[in-house]
Amino acid sequence: MGNVVEVKVGLHCEECIKKILKAIKKIEDIETYNVDTQLNKVTVTGKVTTEEVIRVLQKIGKTARTWEGDEIYG
């Protein structure tokens with residue numbers, strides 16, 4: 001079982017969600033992923049770090065932060 005990474009990211013429209021899903025699917029060694037549009041939350045499990053997920057989201061122009069809200073990226 002890998003890590004569980006939860007990040008907060010703006011999920012404003014269907015196009016945003018499609019971009020995010022496409023980017024997440026490209027991450028190596030992920031086991032599962034989920035996008036919660038109600039909470040603006042992306043959850044990824046697998047051999048992945050919070051930094052990796054946030055970096056991938058930044059590359060597509062999204063501002064992401066750790067779910068706890070301590071660190072803001074982008």
Side-chain angles (χ1 to χ4, degrees):
M1 181 69 183
N3 298 327
V4 177
V5 174
E6 296 177 323
V7 295
K8 186 171 184 76
V9 63
L11 304 169
H12 305 292
C13 64
E14 281 299 315
E15 204 55 41
C16 293
I17 295 166
K18 285 180 189 175
K19 281 176 140 177
I20 289 167
L21 288 174
K22 186 176 177 183
I24 288 173
K25 288 177 189 177
K26 291 181 181 178
I27 301 172
E28 288 185 28
D29 296 326
I30 62 167
E31 295 167 11
T32 63
Y33 57 88
N34 183 54
V35 175
D36 186 328
T37 55
Q38 296 292 316
L39 296 175
N40 286 321
K41 181 178 186 178
V42 173
T43 306
V44 181
T45 60
K47 293 181 183 174
V48 64
T49 65
T50 302
E51 290 76 21
E52 281 180 283
V53 174
I54 289 174
R55 192 167 44 246
V56 164
L57 295 173
Q58 283 180 325
K59 281 185 181 177
I60 61 167
K62 290 291 173 193
T63 299
R65 68 180 75 196
T66 59
W67 185 249
E68 294 78 27
D70 306 17
E71 303 169 50
I72 301 172
Y73 300 87

**Request:** Taking all non-hydrogen atoms of both residues into account, name the closest pair between A64 and L57 and its distance.
**Result:**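 So the minimum-distance heavy-atom pair works out to CB-CD1, 4.0 Å.
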**Message:** Applying the side-chain contact (heavy atoms from CB on, under 4.5 Å) criterion to V44, which one of N34, V7, I24, V4 satisfies it?
**Reply:**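 The side-chain contact (heavy atoms from CB on, under 4.5 Å) with V44 is passed solely by I24 among N34, V7, I24, V4.
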**Request:** Supply the atom-to-atom distance T50 OG1 to W67 CH2, rounded to the nearest 0.5 angstrom.
**Result:**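 Going from OG1 on T50 over to CH2 on W67, the span is 13.0 Å.
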**Request:** State the CD1-NZ distance between I60 and K18, to the nearest 0.5 angstrom.
**Result:**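 So the CD1 of I60 and the NZ of K18 are separated by 13.5 Å.
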**Message:** Quick check for you: to the nearest 0.5 Å, what is the distance between R55 atom CZ and Q58 atom CD?
**Reply:**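 With rounding to 0.5 Å, CZ (R55) is 8.5 Å from CD (Q58).
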**Asked** Atom NZ of K41 and atom CG of L11: how far apart are they, to the nearest 0.5 Å?
**Response**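 If I round to the nearest 0.5 Å, the distance is 12.0 Å.
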**Prompt:** Counting only N and O atoms by type, is there a donor-acceptor contact under 3.5 Å from the side chain of T45 to the main-chain atoms of T32?
**Reply:**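 Yes, T45 side chain to T32 backbone: donor-acceptor pair under 3.5 Å.
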**Request:** Heavy atoms only: give me the nearest I54-R65 pair and the separation to one decimal.
**Result:**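 Answer, listing the atom of I54 first, then R65: CD1-C, 4.2 Å.
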**Message:** Within this structure, what is the CD1-OG1 distance for the pair I17 and T37, rounded to the nearest 0.5 Å?
**Reply:**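 If I round to the nearest 0.5 Å, the distance is 5.5 Å.
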**Residue list, side-chain contact (heavy atoms from CB on, under 4.5 Å) with Q38, at least two apart or on another chain** =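 If we apply the side-chain contact (heavy atoms from CB on, under 4.5 Å) test to Q38, skipping adjacent residues, the hits are D36.
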**Request:** Please examine the side chains of K62 and H12, heavy atoms only from C-beta on, and report whether any two atoms are closer than 4.5 Å.
**Result:**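 Yes, their side chains come closer than 4.5 Å.
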**Exercise: identify the closest heavy-atom pair between K25 and I30** =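 Between these two residues, the closest heavy atoms are CA-CD1, 4.2 Å.
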